Structure formats: structure tokens, C-alpha cells
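See below for the structure under consideration.
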Protein chains: 6
Amino acid sequence: MTQQTRADGRTPDQLRPVRITRGWLDSAEGSVLVEFGGTRVLCAASFTSGVPRWRKGSGEGWVTAEYAMLPRATNSRSDRESVRGKIGGRTHEISRLIGRSLRAVIDVAALGENTIVLDCDVLQADGGTRTAAITGAYVALADAVAWGQAQGHVKPGTVLRDSVAAVSVGIVDGVPLLDLPYVEDVRAETDMNVVVTGSGEFVEVQGTAEGVPFRRDELNGLLDLALAGTAELTSLQAEALAAPAAGFRA
Amino acid sequence: MTQQTRADGRTPDQLRPVRITRGWLDSAEGSVLVEFGGTRVLCAASFTSGVPRWRKGSGEGWVTAEYAMLPRATNSRSDRESVRGKIGGRTHEISRLIGRSLRAVIDVAALGENTIVLDCDVLQADGGTRTAAITGAYVALADAVAWGQAQGHVKPGTVLRDSVAAVSVGIVDGVPLLDLPYVEDVRAETDMNVVVTGSGEFVEVQGTAEGVPFRRDELNGLLDLALAGTAELTSLQAEALAAPAAGFRA
Amino acid sequence: MTQQTRADGRTPDQLRPVRITRGWLDSAEGSVLVEFGGTRVLCAASFTSGVPRWRKGSGEGWVTAEYAMLPRATNSRSDRESVRGKIGGRTHEISRLIGRSLRAVIDVAALGENTIVLDCDVLQADGGTRTAAITGAYVALADAVAWGQAQGHVKPGTVLRDSVAAVSVGIVDGVPLLDLPYVEDVRAETDMNVVVTGSGEFVEVQGTAEGVPFRRDELNGLLDLALAGTAELTSLQAEALAAPAAGFRA
Amino acid sequence: MTQQTRADGRTPDQLRPVRITRGWLDSAEGSVLVEFGGTRVLCAASFTSGVPRWRKGSGEGWVTAEYAMLPRATNSRSDRESVRGKIGGRTHEISRLIGRSLRAVIDVAALGENTIVLDCDVLQADGGTRTAAITGAYVALADAVAWGQAQGHVKPGTVLRDSVAAVSVGIVDGVPLLDLPYVEDVRAETDMNVVVTGSGEFVEVQGTAEGVPFRRDELNGLLDLALAGTAELTSLQAEALAAPAAGFRA
Amino acid sequence: MTQQTRADGRTPDQLRPVRITRGWLDSAEGSVLVEFGGTRVLCAASFTSGVPRWRKGSGEGWVTAEYAMLPRATNSRSDRESVRGKIGGRTHEISRLIGRSLRAVIDVAALGENTIVLDCDVLQADGGTRTAAITGAYVALADAVAWGQAQGHVKPGTVLRDSVAAVSVGIVDGVPLLDLPYVEDVRAETDMNVVVTGSGEFVEVQGTAEGVPFRRDELNGLLDLALAGTAELTSLQAEALAAPAAGFRA
Amino acid sequence: MTQQTRADGRTPDQLRPVRITRGWLDSAEGSVLVEFGGTRVLCAASFTSGVPRWRKGSGEGWVTAEYAMLPRATNSRSDRESVRGKIGGRTHEISRLIGRSLRAVIDVAALGENTIVLDCDVLQADGGTRTAAITGAYVALADAVAWGQAQGHVKPGTVLRDSVAAVSVGIVDGVPLLDLPYVEDVRAETDMNVVVTGSGEFVEVQGTAEGVPFRRDELNGLLDLALAGTAELTSLQAEALAAPAAGFRA
């Protein structure tokens, strides 16, 4: 593979500029504006005491997520799902992915019978919205858990067993690339979203041949890129959580 | 009326800090983040050539609007309308109000057979979301019209006959107040939304007795406040349009 | 303003023939067929003991309304909202308006934990359907309250603090007119619906510039007309309630 | 069978008082308020040139029907189907039955490529709403066909090959009864709706054992009653069509 | 009537080959694949303890049914009702018919507070799907009742007062025919579905004139055919229930 | 890894008994009943000339899929999606996966402007329904393509560039297992669905940590199992297509 430069000047194994702004909303128990280049996702964590009926009395909490895009997040306007009266398959799929990813790192027994809902709304989409959403939602979740502990709703101790981050990788013109913006994404032969814990283990691996099927060595090359990328995102999450929340005017 | 101070330190006839940030999205033909204090509404204008079928061949354009709130825009989370599968009455009502307000100042014949859709999504709600939306949407509309003219889709000349802005007024503890935040709004006996053109004429007057009916002199007092407030908003709109678009990092 | 005659021979400040027929249905706790000229609305009040869950234990009752039009109430047939599977914005808006108007005059504590639902179904529409509905619904509500008291569900005493009536006003060819039928309504530059209590105070003022914005003196002229019109409707409501219910064969 | 008297004083083979009021709406091409005792159904026929897409170019017209009940047509209020967002099975079933019954007597070739929609809205329900609807809808249909011929949309000549009427019959306490009101209907062991042409042939026979199955001789007894009842309805339809339309104030 | 032969070689009064295969599913409390010629319906009975809320405390059970067709059950593919987001009138109508037919023979008091849902899914449709569904559903219901008794959820004793079966009859080219396949069904002038108990009494008689109305003697001829056909189906049901369940590999 | 035996007696790398029955429906252009042990999926391919509007004039065809489960396919009954009025996220997700998998091997240019819809309806579910559906749908697709060529709708030549099959793998008690039935699936720590072409390249890799995250070596072990399993399925598909269609009575 030649170390060619991409349209935005990055090397194949380079992330776009990533920003994680905590405290973007005034009243949510956790809120993050996460940016992967031009992709901007607002992740809001809502903490409520109690759990859905089917989980009552279990002593365990519940974490779920809903993903959506504003109609003009994309280059051309899309109809609202509320106006169409139904949620599309892609939206469902991504909401479920985010929820599973967060549940992989939370200790629901330690959370106790509390519910945290993560709303991930894409304000602007430039590829990688689901991976940005997972990466930002983890930080909002951490803030909501801390809020629950500060308020006494959750017992002190470790509730999040690990952090979790996600990145997209893909093969464009035969070259494996990290963190694809929209212009690369539409040209990718293979597209993969990888969700990885802070300790480097897989939570989800979703690879799709958009055009031609992919070989096992290509799969391996993509996983290498993804693991390096998520390790970097893990550091950025930790930094964001270590600093004071910047808030909306950041 | 005694010139008492409000919880946020304002006088009864004072607006909250208002910010109008143009160019908040990279690809929309017009986009504005409008803030009335803690209320933040993202207004995106989408320009498309052509009109809905029922208007084809008329030589006239069409302007419409859709209003929505993110689930955690408010203090406690609301269910998504897309998940519930239907749009609530309040959402419908406000979308229609925004659309009517903008159509009152646009010359649809001068626009030609083009459509502009205004998406007003409330990112954070602290009272007055519909009036902020109208005020911001007008600016996004002006940018979209200019874009259409720059691209040659719309003929040169005046398309917007006037500007339009809106503000809420209400009576709290017997005192008429301008631009109510949430804490005042829930306590208001009478609540009024007033939409006014740049030249000071009414487009909409919507007054509602929440608790006790209101007298004609009270109505007059509220209209005085509203006309002063919208005159100020008209100036802020003009300033925003005169300056270069600040963009997302403003 | 010259005292010109309208298409139906009325003067600008004259109501259409108004008829309020009580007891139009055999089993509803209150029912009124209200006619404003060719506009006919059937208002049925359904009394049930108990309140919605969110109000239980408050000691207070609840009054709500639903408005709808039969498909052939209008000149050309409209699709049923039940067939389309969703309720339109206009329907939502009017249902909410009727409910708010009635709640402005009812003492929910005196009503006790009982619910009254007002169904306002437009059998024939010739302009002013929402104002006719409010005017008729008040009478049906009064009958349902009386029924509740006669049955011992509601304690004796004053439950309705005042009556409420509504009328439309508008400017056609520069002339302010009272109680617009369809042919005038479609030509109105400004259209206003005004809801007024029996003692002459405002419950709702909803003015909309359909074509050109309106000046403050025009607003004042319209309010003058509306207050005179609702005073007359208040008398007609009182007369109807004083006489025995006429029933369907009236 | 003893010739016992029913709660409302009728003999087993007697219809309730039937009234067919033509011209109840001002603008519909045909409109009838039909009453079978306390059951009141408003039947509006809407004539439009042209046919649904799947029938274009066939040279044939189309007749269809929609049935619905106002929420307070019944003793206790039912939720609106528009609010629930879907149409119930019973509504679907009856709409289809009315449409099929009318199509059995209309010559669609003679109608030409025109569509007539029959809206049958139950204003008050006291048993037999579907049979009243069919009986009234036929008269409204006849008026709409005449309107189409008078306007020149339909060629002169016979479009309706026959008339059609319907009645309910049922077995209560072992006694076959004609035209059941609600109090009898809920107690019927067997319930049958029979649709018959003016010349006495069957269009629909729908018999249902509500409690215990019924024998063939019972079926025959019910059919005897139904044929006598529909013969009487046929006369009343003819009388109504022979007289001038009475209109709303009848 | 000449004793002519039909396209598939049957005489007018002959059923198609009927197969009733019990135990087609591994885990349902009752399951039957029923075939009427090329028509194949999978009937699954689901037994659950408890009843819907409105029936609680009555001591009585509940039986209901849902009918549906796979999209490619028919010659050309139909859209899924789940994708269209609503259930069609025909589906509603048949689901209700199956439920009523089964409830006519079950002793709900003997069933106790238990619910049995019959799912009748048409895998392949060649006419008579609703009659095949009723005939098969009865057998699945009998198995589910037996399961409930074997498990001790239902007391020993007679729960099914009788069996129930159904068949279609119709007049094609003036000839009354039993058990119509699709090719005959589309040509039938009159179409009738008849539901009959094991002891030969009627549960439902639904006759429809598709083209021309039918005379009373024709009705009688069709009922003769239907009673002979259902008697035969009653025997086949009894045989199926007497033999061991054949299971999926039958 | 010890070569332990599973509950159903299989070794970890052994498929369940697989049966592919072609021609299960009489009229579909391709139809397959595919069984993976107790999992039974009916795959029907519907061929229609023409393509959706957005693809017209492209010269290319379209292949899409819809997946659904009968309500009693599972151990306990699930509500119908048609009754709930909306399609769940899981259904959407699987429908999209099947469609993508088939499109990966079809040459849409060679198909020409024709559409093939694959309906995959789960008659009985015992784990692996989506992988069985893909494996069976490929065979039904091949039959529908052949039908299109035989009818002259599709030009002779290669339309399917390769075959495609799918299998599930997972880690249960630390042991990687092939083709999980329901009892293993619910206990799996990691669950992966792998879609592979006949030539052994990947179309989709979807791995999910249900409980604890998984390491890269575990991922590799699962991929080894999956490639062996899909190679075997590829042979079974080829065998099925080489033999004459067995039909429903197989």
C-alpha cells in the first residue's frame, strides 16, 4: 500500500479532528457534542429512577439509545421520520447498535434499578455518524452515571467496567482507510464499523461488502486500522472526562 | 406597573440576550442558530427547484416549515414523535404558524417555481421556542433566497417584501412581561405570541388566557410590549444579515 | 366604512341566523345542534365519572374536546382522517382551541373528579365552524354539568364561572366584517377568531394576516365587531338554556 | 310463534317508523337523512368525473362507500378511529357491504367513467345502522345519478337497474323479529342482515349465530320476515324519490 | 342442471382433496396444516393462562383468531400489511369470522380463565382460504384444549360442545358448485361461505351476489351443497383427531 | 478446545441437518423451504418486469428482500407486526441484510430492468433464521433468474456471479460453535453471522458481544468455523439446484 494522501490531506491511518464537548446542554444529566471532522452528533443522557416494567424487581438497571438525524443534517434534505409516521430500518439498526455497545461496558447491577436513555441526534452528517455517536454517548453516559452517584441514586463504586469507542474503516480503491468521511464512504468497496473497549477487545464488528466481496487478509488489515483508531479515541474520551465540562460556548 | 426586576434580572420590557449565528451548517442553503437566552433553535433552509404538484405551472414558489424538539431539549425527556408514530397537535400548530409567518413577507411570484423548506429544530427549550424559530427562520430564508439568486435559480430583485420577527409576551402576577423564559411561562395568566413585520404591522396575534380571561386594556399593554420587542429583533436580524456569516465555530 | 350590504344581505356587523337546538341526541348528557347560517355543528357532551390517570387524586375534573368534519361537510369531498390514519394539523389546532376555551370558564375543583368530553362534529361547513363549535359546546357542557348535578355525581353549586362564545371577524376588501361565511372567508385579507366570556373578557384572540399584514387600528376595529357579536351570542346561549330542550324534531 | 308485542309495541313483523329525508345537505350531489326509529344515518353521495387509476379507459364508472359512527352515536362514547389512527374491523366490514350492495344494482357502463362515493355517517345508533345506511344510500345514489345526467356528465337512460334496500332480522327468545333496535339486538341468539333488490332477489344474506347455532327452518323464517320488510322499504324509497326533496328543515 | 365435470375433474358436489396434518409445529399447543386442494393454511393455537383485562374475574375463557396471507400465497405478490402499516378490511373480516365460528362451539365457562389464540396463516391460496382456516383451526383448537387439560390448566370434561367446519359454495354459469378453487371463484355469480356445526346447524351463512342478485331457490340449492360438504369435513376432522398427530414430515 | 458434544449430539464444527426443498409453492417464480434443524424458512422469489421508479432507464435490475416471522414460529407467541402497525428494528435489520447479501452476487446489468423480491417467512424458528433465510433465498433467486431467462425476460448468460450462503457461529462457555440452535444462542457470549460467497470471500461479518467483549483470536476462531460451514452449505445449494425441484410433497 502506497502512503498516499487523501482528499482532506490525511494519511490512511489518521483520524479526522475529533472534539468532545461536555455539558453542551444545561439540564441533561450528561450531554456531549461530539465532532468527527464535519460530523456533529449531540448525545444527551437522561437519567431516571426506575426501570421498564419487564425489569422491575431485578435489582438491575437499563441503558438504551435512540439515534436520529435532523432533516438537513445531510447534503440534501430528507423527510422527517415523524412526518412519515414510521422509523426507517437504518435508524432502528443504529439505535440498537449504540444501545448494545453501551450495555457491553456497564454493570447493570451496580447501576441499580435506574434507567439511562442516550439520545444521539445528528446535527450534521459527514460519514461515521454511528461511530461518533457511540464515542460521544459513552462520555455522556459516564457523566450521567456520575450524576446519579452524586445525587445518591446510584451507590458509589465502579459502574462502568470499561470505556467504549467506535470507528469506521473501509477499502477505497483497494486501500484500507480509517474514519471515512462521506466522499470516501460512498466510494468504499468494503465498509466496516468496529466497536472496541478501552482495553482493546471487540464489542461489535460489522463489515459489509458494498461492491465486491472481501478477502480475509483485507479484513485483517481493516481490523488493524480500527484497533489503532479506537485506541486514540479512548485517550480522547479519557482526556475529555478528566477536564472540566466546557459547556455550550466552548 | 412597578418596574420590578425578574428572576433573571431583566426589566419587564427587556429581551433576553439574543444571538443569531448564520452559516451554522456547512451545506444548507441557509442556516441559523438562534438563541433567545437558553432557548436554542437550529433553523435550516433547504432550497429546491420546482414546487409541489398542486402549484405547478402557477409561476409561483412555495415556502413551508417544520418545527420539532429534540427529546432532551426540555428539562425532562419527552418521547420522540417518530417513535410514537404521530405528530402531536402542538408541533403541527407551530409548524403551520412558522410557515404562515414567512409566507406573509415573501413574494412567491418573485421567488418563481422554487420551494424553500425551513426546518426549525429546538436543541434546547427555555420558553419562546416558536418565536425564536420564526425570528431565526427569517434570516435563514433570506440566505436561501440570496443563494437561489446567486445560483441563477431566482431572478434578481426583491423577493422578500419585508422582514418578520416574533416574540412572546404574557401577564405574570398581573405584570405584563416581554420574552418569557420557561419559569415565567408556566406561571403566566395570559400568554401571547405576536408576529410582526419589519415595518411594524401584525402578521399573527395569538393570545390565550391560561388561567383567567384578560381585559382589553391588558391586551393593549401586551401589544405595546410586543411591538417594542419585535422592533429590536428586527434590528438584530438586519445586523446579522449585514455581517459575514459567522459559521459553527462562532 | 360605507355601510355596504354583503352577498347574503347582512350589514358588516350582523351575525348570520343562529340556532341552538338542545337535546338533539337521545342519550348524550348534553347535545346541541348549533347553526351559524349554513354551518351546522353537532356538539355532544359525554360525562364520565373519574379523570385521566395523570389527574387522579387531585380532586379536580377535566374537560376536553375533539373537533372533526364529516367528509362531505364541505363543497367538495375530503378524505376521512381515519382512512388517512392520521389527524391533520388544522383538526388538532381546533380541538385544542375548543378545549382551552371551555376550560377557561369551568371550575374544575367544583366539577370534582369527573370528565366531560365535547365532540364537535361539523355536519355542514360554511365558514366559522370553530366559533360555532365553541358557542354550541358551551351549551352542551352546561347541560352535562346539570346532568351530573342531577345525578349526584357533581356537588350542587356553581361549576361554570361564566359562559363562553366565539365568533370570527375579518377584513374583506378593506372592510371589517362579522361572522364570515365561506365565500367571504376565502377572500379575507385578515381573519380573526375571538373567544369571549359572557362578561366580555377575552379567552382567545387569534388573528392571522392571510394576505397583507394588518395595522393596529384594523385590529382594534375587528375586536370591536367581535365583542358586539359575542355579546349577542351570549344572549342566545342564555335563551336556549332557559327554554326547555327542543330535541331532534325541532 | 305467539303474536306477542315487543318493548316498543311493534308486532314481530313490523318495521320501526322509517323516514327518508332527501336534500339534507346543501351541496352534496345526493344526500339523505335516513331514520329507522332512533337510528339516524346521514348518507351523502359525492359525484366526481373520472375513475380511480386502475379503472381508467374501461368506460365504466365506480361506486364505493364509507361507513362511520360519530363517537357519541352510541349510549356510551367510543374513541374516534381517526384518533386511534386505524379503522376497526367492523367499520371496514360494513363499508364494504354497503359498497357491494349498491354496485349490485348500478350499471357501471351506463354510469360512464364517473365515480360516486357514498359517505354513511351514523349520527345516532339504535340498532340496524348498516341496513338503514344501505336503504338511505340507495336514495342518495339515485339523486347523484340524476344530478350527473342533468349536468350532462352521464348519458340519459337507465343507470340503476333496480333499487336496493336492507333490513335486519333476528331470533330473540326463540321468536323471529324484524328490524331489531339495540335492546333486542344485544339479546338476539341469531342476527341476520339481508340486502334485497326492489324485485325481491337477494344481494347479501349474512346470518350469524351469536349464541347457539340456528336450524334451517329458523333461517327460512327469518328470510320470510326480511323479504316482507325490504318490500316495504322499497315502497318508501320510491315514495321519497317521487316527492320533492324535503331538505334540512323537514 | 347437467352433471357436468369441472376443470379439475370434480363433480359439482365434490370437495377437493382435503388433508389435515396435526402437529405441524414443534412447540405450539395445537397446530394443523390444512389443505383444500392447492390451498394450504397453517393454523397454530397458542394457549395462555389468563384472559384479557375486560374479562378478568368472569370465570370465563376467551378464544380469538388472526388470519393473514403470506405475500406470495397468491399468483402475483401482494404487499405485506405490516409494511403498509395497516390491516385491510378483508383480513379484519375473515379474522373476525374465524373467531366467531370457534366461539360458537366452545364452552367458555368450561375453558376457565384461559385464552387460546388461533393464528391462521395462508401459505398458498387457491380459493376457500377462510373456510379451510375455520376447518383446520377447529382441530388445532381441540388439540390446545386437550393440552390445557393434560397440563391441568383446564378442568376435565367437555369444553367443546360440538365441532365446526366451513365450506364455500357458489354459482358458476348457472351451476351451483361446492368448494370453489380460485379459477371458479373469480367467475362465480354468487359466492357463499357457510359455517356449520358437527350436528348440522348453521353458525354463519354469508352469501354475496358478485354479479347478479340470486333467487331464493338458488340460495336453497347452495345450502344443500354446503351442508353435504361440511358433513364430510366433520368426518375428516374426527378422523384426524382420532389418529396420532402426523407432524411436519407427514 | 475439547471436542465436547453438544445437547443435540453435534460436534462444535458440525452443521444441523440442512434440507433445501425447491418448488414448495406452485406459482412463485422461485420457492424454497429451507431447514436448518428445526428452523424452517419459506423463501419465495417474485419476478416482475420493470424496476422501481428511481432506477428506471438505468438498464439495471433490482433485488430486494423482506423477512418476517409467523406469530407462533417461536416458543411463545409474538404479536403480529401488521397488528402493531409497525415493523420492528430486528425485522428491518434482517430484511436489509438478506437484500445486501443477494445483491453482492447478482449482476444487475445482466438482470436487465427486472425486479426480484425475496420473501423470507419464518414458519418455525430455532436459531439461525437469518442465515437459513439467506442460504435458501439464494436458491430461490437462482430459480427466478432461470425462469426469467426461460421466459425471455432476461438475456441468456451469467446473471449470478457467484453463490452466497450464511451461517451463525458463537462462543458458548468459551467454546466456539457452528450453527447455533435457540438453546445455544441465548447462552452465547459472542454471536456472529457470516455471509460468504461460493468462492469463499466475505459479504458480511456481523459479530456482537452479547455478554463480554471478545478477543481477536476468538474472532479468528469463529471465522474459521464459519468458512468451513458456509463451504458445506455452498455444496448443498449446488446439489439442490442440480436435482429436479422436489415440490411441496417432498
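Just so we're on the same page: letters track the sequence lines, and every chain starts at 1. Model, not experiment: these values are computed from the prediction.
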* Please flag which part of V83(C) lies under 4.5 Å from any non-hydrogen atom of chain D: side chain, backbone, both or neither. => both

* Which of A68(D), G38(D), P71(D), A44(D) touches chain C most, by non-hydrogen pairs under 4.5 Å -> P71(D)

* **salt_bridge(E60(D), R55(D)) N-O dist < 4.0 Å** => yes

* Please flag which part of L25(C) lies under 4.5 Å from any non-hydrogen atom of chain D: side chain, backbone, both or neither. => both

* To do: Compare every heavy atom of R22(C) with every heavy atom of A243(C), then report the nearest pair and how far apart it is.
  => O-NH1, 2.6 Å

* Structure fact -> Most contact-rich option vs chain C, by heavy-atom pairs under 4.5 angstrom, among R72(D), E66(D), R84(D), is R72(D)

* **SB check E35(C) R249(D) (cutoff 4.0 Å)** => yes

* Asked: Who are the salt bridge (charged side-chain N to carboxylate O under 4.0 Å, His left out) partners of R40(D), not counting sequence neighbours?
  -> D26(C)

* Asked: Can you name the nearest heavy-atom pair linking G30(D) to D143(D), along with the distance?
  -> CA-CB, 3.9 Å

* To do: With a 4.5 angstrom heavy-atom cut-off, could you sort out which part of T74(D) is near chain C: side chain, backbone, both or neither?
  => backbone

* Structure fact -> Assert top hit (heavy-atom pairs under 4.5 Å, partner chain D, pool R19(C), E81(C), K86(C), E29(C)) equals R19(C)

* Measuring heavy-atom distances to chain D, does A45(C) have an atom under 4.5 Å in its side chain, in its backbone, in both, or in neither? -> backbone

* Proximal component of L118(C), with respect to chain D [non-hydrogen, under 4.5 Å] -> neither

* **N114(C) (side chain) donor-acceptor with G148(C) (main chain) under 3.5 angstrom** => no

* Roughly how far, to the nearest 0.5 Å, is CG of L70(C) from CZ of R80(C)? -> 7.0 Å

* Largest heavy-atom contact set with chain D, pairs under 4.5 Å, which of G85(C), S76(C), A73(C) -> G85(C)

